[in-house]
Amino acid sequence: MFKEWPLVAFTLAGQTAVGLFLLTAATFILIPVTPDYPMAAMRSWLLTSHGGVLVLLSGAALASFFHLRHPARARRVLTNIGTSRLSREILFLLAFAALVAGAMALVAANAAVDVVKGLQIAAGLAGALYLLSMTGLYMLVTLPVWRQAGTPICFVGSSLSLGAVALTALGGRLIFVPLAVLFVFLELAGSALFAPGYGLLARRPRPSLRPPQSPSRRLHGIGLGLEFSGLILLIAVLFSLNREWEGPVAVFAVSAAMILAGQAVRRFLFYGLLVQSGR
Amino acid sequence: MVTQYAFFFNAAACSGCKACQVACKDRNDLEPGLLWRRVYEVSGGGWEKKGEAWVPSVVAYNISMACNHCEKPVCGLSCPVKAISKREDGIVFVDVQSCIGCRYCEWACPYTALRFDAATNTVSKCDFCYDAIDAGGVPACVAACPQRALDFGDLAELRKKYGDIRQIFPLPDPAQTEPALVIKPHRDAAKAAERGAEVANWEEV
């Protein structure tokens, strides 16, 4: 299962990018631009956040090339959009990246607020479609091990939780820590209950021609434990914030690393559920 | 004219000798570890008490499975570069010059027909010995079977001759991909699920 590290990197980076953008855009759209909160005050934060999204998407795309055995032929990967969920995932990834870059360019050019918001909504829709197509890729009717509620729950959970952590990290001040606590908690609860193969309520697939899974349940516990420990540290950061939303940045960094490590461990286990024949 | 080539497999006659598997490897010069046709040994059960007596309730049979050249090939539908296509006679084959090696088709196929070939870094699978078929011959596996447990032909003709059963334990629901396959079940197949049968030779397939 560790051979699937490019896919682990691709999915986590891509989902983090979507979560980071959706939370950034939602915050920007919901906060009215007023003399107390002028566009200029938010410009730097928006540029940093959008730049972070593009860096994550670039990392995801780079990781995906390590998954392919013939990356030079990947220029034809959009050939089968009609029926291939993988083609659609790449299409929406490219659309999302282009629209985020466009929104970033508009912010940098001091475009009108409504125009920026309009493009952010379009980019948000593209990002949601990217996340949806990424989830659908694993939900084929012929893949019962992944075709259950746990897959979208874990993917959306990762997107929002890691996106909130990234938003907090890029936000300058730790103002988004409460949001990060909320989404990390929800992701942990969702995974503990529904994670394919390991969740308490996960459905076990019927016997088939695929070899039975063999990944370690202990690793699942380690992943949950790492992320839970990160959540505890994040809560500690929350309670030590002052009125200016300043707090122990080093502790936050450690908690973010533990949360990411915990989710990475469980993502490896996710891919380990599908043991490929002949290996 | 054949509109859909299909395999017939008689599970009641199969002895599990794997002559079909070896013939396929020999004809296609497959590397060790690469199998286009696999023979699964399904077994389970044990003993059960009936009154005062203990009676055996063992189930054991073999399934010889290659690519079923499905009418709804999920491998081809999933391939992002259209490297998998279906001929007019129903044979599904992989264009290794187009394959990018993402192995998504390998995930998608419920019959595990697609196999990664490390020599070419692409996926490969049973091609129904299409060059032999086109020349009026027979697939290597069909020719090799000493029990005559394998047959091939047009799917409609095979159904008239052998019936239309396409699934025995632990094959997937045929409605998923509409496999071009006809099976004569072994008598143990009906009880295999309830007796906890499972594939006993994962290392060989």
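A, B, ... follow the sequence lines: proteins, then strands. Residue 1 opens every chain.
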Pairwise distance [atom1]([X]) to [atom2]([Y]) - rounded to 0.5 angstrom:
X: B/S78; Y: A/R85; atom1: OG; atom2: CZ; value: 7.5 Å
X: A/L140; Y: B/C109; atom1: CG; atom2: SG; value: 11.5 Å
X: A/S208; Y: B/D173; atom1: OG; atom2: CG; value: 13.0 Å
X: B/K82; Y: A/S87; atom1: NZ; atom2: OG; value: 9.0 Å

Query raised in the report: So which part of A/L137 gets closer than 4.5 Å to some heavy atom of chain B, the side chain, the backbone, both or neither?
Result: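 Backbone plus side chain of A/L137, per the 4.5 Å heavy-atom cut-off to chain B.
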Heavy-atom cut-off 4.5 Å, strictly under: side chain, backbone, both or neither for A/L68 against chain B?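 Looking at A/L68, backbone and side chain both touch chain B.
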When you look at [atom1] of [X], are more than 12 heavy atoms from neighbouring residues, nucleotides or ligands closer to it than 6.0 Å?
X: B/K184; atom1: NZ; value: no
X: B/Y162; atom1: OH; value: yes
X: B/E204; atom1: CD; value: yes
X: A/R76; atom1: CZ; value: yes
X: A/R204; atom1: CZ; value: yes

Side-chain heavy atoms of B/V81 within contact of A/N80, under 4.5 Å =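 The answer is no, as the side chains (C-beta and beyond) never meet within the 4.5 Å cut-off.
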Check whether [X] gets within reach of chain A through its side chain, its backbone, both or neither, counting any heavy atom under 4.5 Å.
X: B/E203; value: neither
X: B/L77; value: both
X: B/T120; value: backbone
X: B/Y104; value: side chain
X: B/V74; value: side chain

Which heavy atom of [X] sits nearest a heavy atom of [Y], and at what distance?
X: B/V96; Y: A/R73; result: O-NH1, 2.8 Å
X: A/V141; Y: B/Q176; result: O-NE2, 3.6 Å
X: B/F169; Y: A/P207; result: CZ-CB, 3.7 Å
X: A/L86; Y: B/C102; result: CD2-SG, 3.8 Å
X: B/N121; Y: A/R69; result: O-CB, 3.2 Å
X: B/W107; Y: A/R210; result: O-NH2, 2.9 Å

ask   = What option among A/S84, A/P144, A/A72 has the most heavy-atom pairs under 4.5 Å with chain B?
value =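 Of the options given, most contacts go to A/S84.
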* **Residue, of B/A197, B/C99, B/A193, that accumulates the most heavy atom pairs under 4.5 Å with chain A** =>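 Most pairs with chain A among the choices: B/C99.
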